[in-house]
Amino acid sequence: MNKKFPAHWLEEIVDKISERNVKKITLSTGKTPSGHIHIGILREILICDALRRVFESRGYKVDSFLFMDDLDAAKRFPEYIEKDFQKEHLGKPFAYMPCPFKECGCESYGHHFGYELISTFESFGIKTKAIWTHELYREKKMQEKIKIALENTDLIKEILKKYIIPTLDKNKKELFLDMLQNWMPVMAICEKCSKIQYRDNDGAIKPNRVLKYDEKKEIVAYKCSACGNYNEISVYSGILKLNWRVDWPTKWALFQTTCEPAGKDHCVKGGSYDTGLELCQRVFNYKGPVKVAYEWLRLGDRDMKTSKGIVFTPKKYLEIADPELYRMLILRTNPMKHISLRIEEIPQYYDYYERMEDIYYSSGKIEPEEEQEFIRYTYPLTKIDEFLDKKPKRIPLKLLIFLSQIQNILNIEDSYEKAKSVTGIEDLEKSISIKDFGILLKRTKKWVEEVKKLIENETDSQLKKSIMQKISLFEIPDKHDEDILKSLDKNQINGIKLLRNFILENDAVDADIIQNKIFTIAKEDLKMKPKKMFEAIYQVILGKKHGPRLGSFLSLLDKNWLLERLNLE
RNA sequence: GGGCUAUUGGCGCAGUCAGGUAGCGCAACCGGCUCUUAACCGGCAGGUCGGGGGUUCGAUUCCCUCAUAGCCCGCCA
């Protein structure tokens with residue numbers, strides 16, 4: 001008998017989780033809010049969200065958490081943060097410094113950027129609960145774990161050595177062993193200056209590591225490496241923080257995490273995921289989560305780097321494209337593969353998505369069986385809201401691109417009517433309200449602007465050309481350009497006059513009829529080359545010699561506006 | 001040094017895990033709508049699937065090896 005292979009890579013993870021035979025599934029993800037959080041993080045969050053949906057549909061109770069690690073120290077800041085602010089707050093946890101934008105008035109730096117991400121979840125159809133690390137560390141249950149870690153310092157050291165030493169060369173190995181001598185897994189946030197670490201003049205980072213631990217009194221001593229403050233404080237003081245490699249498994253144990261995806265940097269041999277799992281098992285007596293490694297998401301051909309200002313946030317994405325497309329992009333791609341998010345390829349994503357819908361809603365078996373199964377599995381997971389019995393009605397993206405570029409001369413209501421007549425969807429209101437349509441147009445317009453920027457910044461002329469060929473870009477200037485009008489010859493001006501009269505005399509004008517009329521005017525009435533006639537019309541409307549196919553273009557424009565524009569008197 | 005991924009027509013990518021006639025989009029080319037065009041439509045063409053070896057009746061797919069590119073292993077996911 002043939003073994004049944006899963007239709008989708010997600011199902012392999014599902015199997016691993018199911019094998020654990022637990023009643024309640026806990027999924028988690030984490031991120032440090034050190035600046036604008038870019039869209040790459042949604043890869044792990046969406047993998048979890050898809051898992052959540054699968055397990056919920058099978059009757060499991062599922063908890064999904066996002067740990068917002070705002071107790072991590074600021075080692076450096078992104079360039080868009082003011083220098084004075086950087087100087088003042090370097091070394092503090094992100095929860096302990098104010099919002100860097102004065103007018104904003106939110107409660108902390110960490111909150112500002114963390115919330116920027118969290119606020120997009122609803123639009124992406126993500127259901128997860130944010131847990132702010134600074135709040136978690138104030139809870140007794142977390143503080144109990146800190147105690148356990150302190151009591152197991154030697155065991156923790158042993159495990160860290162086991163994993164980390166093989167990855168180090170001789171020099172680094174000595175430094176590492178030296179560092180471990182007086183090492184403890186806990187750091188303190190200074191009561192005086194709020195810093196948790198200090199960057200020395202030589203660039204070395206010195207954390208406020210706990211110096212000693214009195215198990216009976218449950219007290220630790222620390223000395224702030226930034227301001228020199230020394231104190232002995234309770235394990236329950238709420239200003240202690242576990243070292244990163246220990247912090248992670250502690251959360252796993254505390255929340256009994258069943259599965260947590262992690263970027264490939266953490267998943268490398270000897271990395272924090274491996275040490276975390278063993279720490280979790282031996283120190284906290286919990287098996288640890290199912291490990292899911294994933295590759296970076298890149299923006300075009302570049303890595304997104306907060307420090308280099310290549311930041312593309314989920315919020316920004318929502319301004320220009322459909323969140324379902326993003327879910328699709330993540331969920332169709334095996335987690336270990338690179339994804340290059342290309343703004344200019346959004347029409348292709350759109351095409352693929354429509355194809356998915358076609359296959360999902362078709363009963364026939366035209367496609368290979370595997371592909372059908374894959375799509376039947378994936379498509380519902382990409383939806384933001386519940387999905388329909390019938391294939392949803394869509395306005396072709398090309399039409400939206402077109403309409404979005406003539407918004408300065410055609411209002412929303414008329415655009416809506418045009419869309420209705422062009423697509424032939426009579427009951428458009430049922431699936432896309434005029435309000436939704438407005439949102440679609442606005443989003444498309446933003447996208448068009450982004451693509452224009454991309455083209456401007458592209459230095460490779462070949463690439464530039466190929467992007468331009470894919471997308472019909474134009475702009476309708478508010479007024480005639482006087483120089484252009486002067487450049488037109490008598491024939492061209494007469495031609496436009498004749499065309500204008502034709503439009504004036506005919507009520508509803510069909511795209512093909514207009515197209516034909518232009519040729520007739522040029523060839524028969526005026527004995528000129530049609531090309532000259534076309535150019536003249538483009539010049540008057542767009543200020544350029546080229547543009548979209550004229551018949552359909554003119555028929556989409558508002559008649560009164562067109563008559564006014566063609567009036568050269 | 002260790003690891004991950006990629007290499008498929010001009011360009012961007014599917015397909016590879018589960019071996020059995022190589023796909024999509026764009027571009028190109030030809031044609032249609034009395035019409036050079038970019039909301040169109042139809043058609044045609046284009047690839048020894050990075051190189052080499054192996055397994056197999058059969059390999060883009062599995063194994064080995066080499067090459068090239070990108071990334072990770074310093075708290076950027």
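So you know, we letter chains A, B, ... as the sequences are listed, proteins then strands, and number each from 1. What you see is a predicted model; the values in this text were computed from it and never measured.
- At whole-Å resolution of the value, CD1 in A:I518 and C1' in B:rU36 are 14 Å apart.
- One atom, CH2 of A:W296, and another, C1' of B:rC4, lie 11 Å apart when rounded to the nearest Å.
- The two residues A:A149 and A:V246 come nearest to each other via the heavy atoms CB-CG1, 4.3 Å.
- The side chain of A:R76 approaches B:rC76 more closely than any other nucleotide in the set B:rC71, B:rU37, B:rC76.
- Contact annotation: the side chain of A:Y352 never approaches that of A:L329 to less than 4.5 Å [non-hydrogen atoms, C-beta and beyond].
- The two residues A:P314 and A:H38 come nearest to each other via the heavy atoms CD-C, 4.0 Å.
- For A:E344, there are no side-chain hydrogen bond (donor to acceptor under 3.5 Å, both in side chains) partners two or more places apart in sequence or in a different chain.
- Comparing the C1' positions of B:rA6 and B:rC49 gives a spacing of 13 Å, expressed to the nearest Å.
- Atom CD1 in A:I537 sits roughly 14 Å away from atom P in B:rU37 (whole-Å rounding).
- The ring pair (Phe, Tyr, Trp, His ring centres under 6.0 Å) test applied to A:F437 returns A:Y416, not counting sequence neighbours.
- Between the CD atom of A:E295 and the P atom of B:rG3 there is a distance of 16 Å, given to the nearest Å.
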Got a list of protein N/O to nucleotides 14-16 of chain B N/O distances below 3.5 Å?
unit_1 : atom_1 : unit_2 : atom_2 : d
B:rG15 : OP2    : A:K337 : NZ     : 3.4

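- In this structure A:Y163 satisfies the side-chain hydrogen bond (donor to acceptor under 3.5 Å, both in side chains) test together with A:E278, sequence neighbours excluded.
- B:rA28 and B:rC11: their P atoms are spaced 15 Å apart (whole Å).
- If you check every strand for non-hydrogen atoms under 4.0 Å, A:D72 touches a base.
- In this structure, of B:rG74, B:rC72, B:rU34, it is B:rG74 that holds the atom nearest to the side chain of A:K75.
- Distance A:L400 CG to B:rA39 P: 14 Å, rounded to the nearest Å.
- Contact annotation: A:K398 reaches the phosphate of B:rC40 (side-chain N/O to OP1 or OP2, under 4.0 Å).
- Separating the P atom of B:rG19 from that of B:rC71 is a span of 34 Å, rounded to the nearest Å.
- The cationic atom of A:R394 (NZ for Lys, CZ for Arg) does not lie both less than 6.0 Å from the six-membered ring centre of A:Y353 and within 45° of the ring axis.
- Rounded to the nearest Å, the gap between the C1' atom of B:rG23 and that of B:rG15 is 7 Å.
- Taking every side-chain heavy atom of A:D265 into account, B:rC72 is the closest of B:rG12, B:rC13, B:rC72.
- A:Y538 comes within 4.0 angstrom of a base, heavy atoms only.
- Considering every non-hydrogen atom in both A:A73 and A:G91, the closest pair reads CB-O, 4.0 Å.
- If you take atom P in B:rC63 and the same atom in B:rU5, they sit 11 Å apart, rounded to whole Å.
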Can you run through RNA chain B from 5' to 3' and write each base as (, ), [, ], | or . depending on how it pairs? Watson-Crick or G-U wobble, both distances under 3.5 Å.
-> ((((((((.[[[[.)....(..]]]]..((((.......))))......[[[[[..)....]]]]])))))))....

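- For A:E12, taking side-chain heavy atoms from C-beta onward, the closest of the listed nucleotides B:rC72, B:rC17, B:rC75 is B:rC17.
- Nucleotides B:rG32 and B:rC44 place their C1' atoms 14 Å apart, quoted to the nearest Å.
- In this model, no donor atom of one side chain and acceptor atom of the other lie less than 3.5 Å apart for A:T120 and A:Y317.
- A:S404 pairs with exactly one of A:L399, A:T444, A:L440 by the side-chain contact (heavy atoms from CB on, under 4.5 Å) rule, that one being A:T444.
- At whole-Å resolution of the value, OH in A:Y349 and C1' in B:rC24 are 14 Å apart.
- For B:rC4 and B:rG43, the P atoms lie 45 Å apart once the distance is rounded to whole Å.
- Within the 4.0 angstrom heavy-atom criterion, no nucleotide atom of any strand lies near A:R245.
- The nucleotide whose nearest atom lies closest to any side-chain atom of A:F402 is, among B:rG25, B:rG70, B:rA39, B:rA39.
- Between the P atoms of B:rG74 and B:rU8, the separation comes to 32 Å (whole Å).
- When distances run from any side-chain atom of A:V268 to the nucleotides B:rU37, B:rC73, B:rC71, the shortest one goes to B:rC73.
- Residue contacts for A:E345: at a heavy-atom cut-off of 4.0 Å it reaches the sugar-phosphate backbone alone, with no base atom in range.
- Taking the side-chain contact (heavy atoms from CB on, under 4.5 Å) definition, one finds that A:K264 meets it with A:E295, A:W296, A:H338, sequence neighbours left out.
- Distances shorter than 4.0 Å separate some side-chain N or O of A:R342 from OP1 or OP2 on B:rC13.
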